[in-house]
Amino acid sequence: MLGAFAWYHFVFLLQGLLWTVILTGIAFGLGIVGGFLVMLLRISRFAPVRWGTAAVIQVVQGIPMMVLFFLAYFGLAFAGVELPSIVSASLALLIYVSLFLGEIWRGSIESISRTQWEASECLSLTRWQTLRLVIIPQAVRLSLPSTVGFLVQVLKTTSLASVIGFIEVARAGQIVNNAIFQPFLIFTLIGVFYFMLCYPLSRLSQTLERRYHVGGH
């Protein structure tokens with residue numbers, strides 16, 4: 001017998017949506033810092049540093065995101081470090097976001113003309129001054145569309161955090177559906193929630209791409 005969808009079910013879904021946004025914000029906010037560090041390692045003057053960082057990126061990017069969640073939660077617990085699900089989920093996503101953002105930004109920096117590096121050397125700027133004053137401001141503009149687009153991917157990836165007990169919006173939907181068995185209604189609502197979050201970001205990414213790429217040529 002089908003149950004009735006009540007207001008408190010909707011509120012529970014909204015709470016799950018809030019946790020989805022919180023997890024995305026934590027992972028992406030910390031991932032910006034981690035991604036900057038990864039980017040610096042990828043453009044290091046020392047070849048072993050570049051190669052080692054590239055190898056780590058290849059290994060981690062070859063691991064399914066669900067496995068990273070398991071390692072961050074059950075793996076650390078097995079090693080004696082027990083973390084709440086939100087901390088484990090944030091840690092797994094932090095690694096994921098940092099490595100991907102680092103590669104996005106590294107590509108943007110390497111796309112800057114070599115002559116700008118040479119011109120900066122002629123002005124007696126240090127490598128860090130060249131990066132900070134000349135290269136990074138241009139690279140940020142070039143990487144903005146890809147960065148915002150990647151944020152959409154991160155937001156949707158948070159749904160996998162349910163495998164370690166974290167109740168985001170998709171998991172909240174499963175719980176409500178198990179109670180009242182109205183899958184069409186519940187998962188349509190969840191789809192609408194994701195659309196409301198992702199569509200504006202996707203449009204922003206497209207707008208930035210037109211402004212900084214198409215409009216810049």
Side-chain angles (χ1 to χ4, degrees), residues 2-35 61 64-66 68-69 72-73 84-101 103-105 108 140-215:
L2 297 179
F5 184 75
W7 171 251
Y8 62 87
H9 293 134
F10 185 71
V11 171
F12 186 67
L13 293 178
L14 288 180
Q15 290 174 343
L17 182 64
L18 176 61
W19 281 112
T20 292
V21 173
I22 290 173
L23 180 58
T24 302
I26 292 174
F28 208 79
L30 295 177
I32 288 175
V33 179
Q61 290 184 348
M65 193 63 222
M66 188 175 295
L68 288 181
F69 281 122
Y73 189 70
S85 59
I86 186 172
V87 177
S88 297
S90 298
L91 178 60
L93 282 169
L94 167 62
I95 295 171
Y96 171 74
V97 172
S98 296
L99 297 184
F100 270 87
L101 284 182
E103 282 294 88
I104 290 172
W105 296 342
S108 297
V140 166
R141 196 175 72 168
L142 289 174
S143 66
L144 270 177
S146 299
T147 301
V148 175
F150 180 63
L151 175 58
V152 175
Q153 182 177 334
V154 174
L155 195 153
K156 291 187 287 189
T157 302
T158 58
S159 62
L160 296 176
S162 61
V163 299
I164 59 173
F166 183 74
I167 303 178
E168 37 63 59
V169 66
R171 178 57 181 158
Q174 291 177 340
I175 293 172
V176 172
N177 184 61
N178 290 341
I180 65 175
F181 195 66
Q182 292 197 27
F184 183 79
L185 172 62
I186 300 302
F187 293 109
T188 296
L189 273 175
I190 291 173
V192 170
F193 288 158
Y194 274 116
F195 178 81
M196 290 171 58
L197 291 175
C198 295
Y199 181 73
L201 293 173
S202 297
R203 292 292 296 172
L204 175 60
S205 177
Q206 293 170 2
T207 301
L208 291 172
E209 187 170 1
R210 287 195 300 269
R211 178 179 299 174
Y212 293 135
H213 289 272
V214 178

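Every heavy atom of this structure was used, including side-chain atoms; hydrogens, water molecules and symmetry mates were not.
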Report task. Go through Phe150 and Tyr96 one step at a time and tell me if the ring-ring contact (aromatic ring centres under 6.0 Å, His included) criterion holds. Result -> CA-CA 11 Å; Phe150 180 63; Tyr96 171 74; 5.7 Å; yes
What are the two closest non-hydrogen atoms of [X] and [Y], and how far apart are they?
X      : Y      : result
Gly16  : Ala172 : CA-CB, 4.3 Å
Gly34  : Ser98  : CA-OG, 3.4 Å
Pro84  : Tyr73  : C-CE1, 4.4 Å
Ala161 : Phe69  : N-CE1, 3.8 Å
Pro145 : Leu208 : CG-C, 3.6 Å
His9   : Ile180 : CE1-CG2, 3.5 Å

Given 3.5 Å as the limit, does a donor-acceptor pair link the side chain of [X] with the main chain of [Y], or not?
X      : Y      : value
Thr158 : Leu155 : yes
Ser143 : Ser108 : no
Ser90  : Ile86  : yes

**Report entry** Residue from Thr20, Leu18, Thr24 passing side-chain contact (heavy atoms from CB on, under 4.5 Å) with Ile22
**Finding:** Leu18
Report summary line: Only one of Val163, Ile164, Thr157 passes side-chain contact (heavy atoms from CB on, under 4.5 Å) with Met66, and that residue is Val163
Requested in this report: Apply side chain to side chain contact (heavy atoms under 4.5 Å, CB included) to the pair Phe100 and Val154, showing each step before the final yes or no.
Outcome: CA-CA 10 Å; Phe100 270 87; Val154 174; over 6 Å; no
Query raised in the report: Does the side chain of Thr147 pick up a donor-acceptor pair with the side chain of Trp105 at under 3.5 Å?
Result: yes
Requested in this report: Would you mind listing every side chain to side chain donor-acceptor pair (under 3.5 Å) that reaches into residues 162-173, with sequence neighbours excluded?
Outcome: Arg171-Gln174
For the [atom1] atom of [X] and the [atom2] atom of [Y], what is their distance to the nearest 0.5 Å?
X      : Y      : atom1 : atom2 : answer
Ile175 : Ile167 : CD1   : CD1   : 4.0 Å
Phe28  : Gln153 : CZ    : CD    : 10.5 Å
Leu185 : Phe10  : CG    : CZ    : 10.0 Å
Leu144 : Thr207 : CG    : OG1   : 12.0 Å
Phe184 : Leu189 : CZ    : CG    : 10.0 Å
Ser88  : Leu68  : OG    : CG    : 12.0 Å

Within a strict 4.5 Å, meaning less than it, do heavy atoms of the [X] and [Y] side chains meet?
X      : Y      : value
Tyr194 : Ile190 : yes
Leu93  : Met65  : yes
Leu17  : Leu197 : yes
Val152 : Lys156 : yes

Query raised in the report: Under the side chain to side chain donor-acceptor pair (under 3.5 Å) test, which residues partner Gln206, sequence neighbours left out?
Result: Arg203
